[in-house]
Amino acid sequence: VQLVESGGGLVQPGGSLRLSCAASGFTYEHYAIGWFRQVPGKEREGVSCIDADGDDIFYANSVKGRFTVSRDNTKNTAYLQMNNLKPEDMAVYYCATGDGLGPFPCSPFVLTDFNWWGQGTQVTVSS
């Protein structure tokens, strides 16, 4: 199982980035993808989640209306479009899935349900 995030970088406040999560080693189209972020010294937090079919989607309140999660099952890739970025969005962003996810993996969206993780990509929001 491999999850590889990309698309992070440095952006000014108000700017946009699109993160990608490329998956391999499992039947991608059957699994939900969660997006998480972590700031040094703080716990990892859930940002967004999309189920296998794209029907059930979750956003943390802090990103609702600014971030959009999507997936392309033909490319085994999930995306997190991040608009109107704020300094408080600065973190390492991770995508994840797991072999123990239940039928409703995004509702509720529980970090400990996810046990396959990517290496993370840094998002820096600064002027």
Has the side chain of T74 got a donor or acceptor atom that lies under 3.5 Å from a matching backbone atom of D72?
no

Is Y94 reachable from I57 through a run of hydrophobic residues whose side-chain heavy atoms are each under 4.5 Å from the next?
no

I'd like to know whether the aromatic ring centres of F58 and F109 sit less than 6.0 Å apart in this structure.
yes

About how many Å separate SG of C21 and CD of E5, when rounded to the nearest 0.5 Å?
5.5 Å

Honestly curious: do L3 and V47 fall in one hydrophobic cluster under the side-chain, below-4.5 Å linking rule?
yes

Could you walk me through whether D99 and V1 satisfy the side-chain contact (heavy atoms from CB on, under 4.5 Å) test, starting with their C-alpha distance in whole Å, then the side-chain angles of each, then the deciding distance to 0.1 Å, before giving a yes or no?
CA-CA 10 Å; D99 58 355; V1 172; over 6 Å; no

Which heavy atom of V69 sits nearest to which heavy atom of C49, and what is that distance?
CG1-O, 4.0 Å

Treat each ILVMFWY residue as a node, draw an edge where side-chain heavy atoms are under 4.5 Å apart, and state whether F114 and I50 are in one component.
no

Step through it carefully: locate the ring centre of Y79, locate the ring centre of F67, and say whether they are under 6.0 Å apart.
no

Steps toward side-chain contact (heavy atoms from CB on, under 4.5 Å) verdict (R44, L111)
CA-CA 8 Å; R44 194 169 296 187; L111 183 149; 3.7 Å; yes

Gap separating the OG atom of S127 from the CD atom of Q12, nearest 0.5 angstrom
6.5 Å

Quick one: pull up OG1 in T27 and CG in N73 and give me the separation to the nearest 0.5 Å.
11.0 Å

Would you say the side-chain atoms of T124 pair up with the backbone N or O of L10, donor to acceptor, closer than 3.5 Å?
no

Quick one: side chain to side chain donor-acceptor pair (under 3.5 Å) pairs with a partner in residues 80-90, sequence neighbours left out?
S16-N83, R37-D89, R66-D89, Q81-N83

Search all heavy atoms of Y59 against all heavy atoms of T68 and return the closest pair with its distance.
OH-CA, 3.3 Å

Please check if the side chain of D51 supplies one atom and the backbone of A32 the other of a donor-acceptor pair under 3.5 Å.
no

Pair T121, S6 - check side-chain contact (heavy atoms from CB on, under 4.5 Å), show working.
CA-CA 6 Å; T121 185; S6 62; 5.7 Å; no

Please verify the inter-ring angle class for F36 with W117; under 30° counts as parallel, over 60° as perpendicular, anything in between as tilted.
tilted

Could you check whether R71 makes a cation-pi contact with Y31, meaning its NZ or CZ is under 6.0 Å from the centre of the six-membered ring and within 45° of the ring axis?
no

How far apart are the closest heavy atoms of C106 and D56, and which atoms are they?
CB-OD2, 3.6 Å

Under 3.5 Å, is there a donor-acceptor pair between the side chain of Y28 and the main chain of A78?
yes

Compare every heavy atom of Y93 with every heavy atom of L80, then report the nearest pair and how far apart it is.
CD2-CD2, 4.2 Å

Heavy atoms of V92 and G120 approach each other most closely as CG1-CA, 3.8 Å

Between L17 and G7, the two heavy atoms sitting closest are CD2-O, 3.7 Å

Rounded to the nearest 0.5 Å, the CG atom of L19 sits from the OG atom of S48 at a distance of 11.0 Å

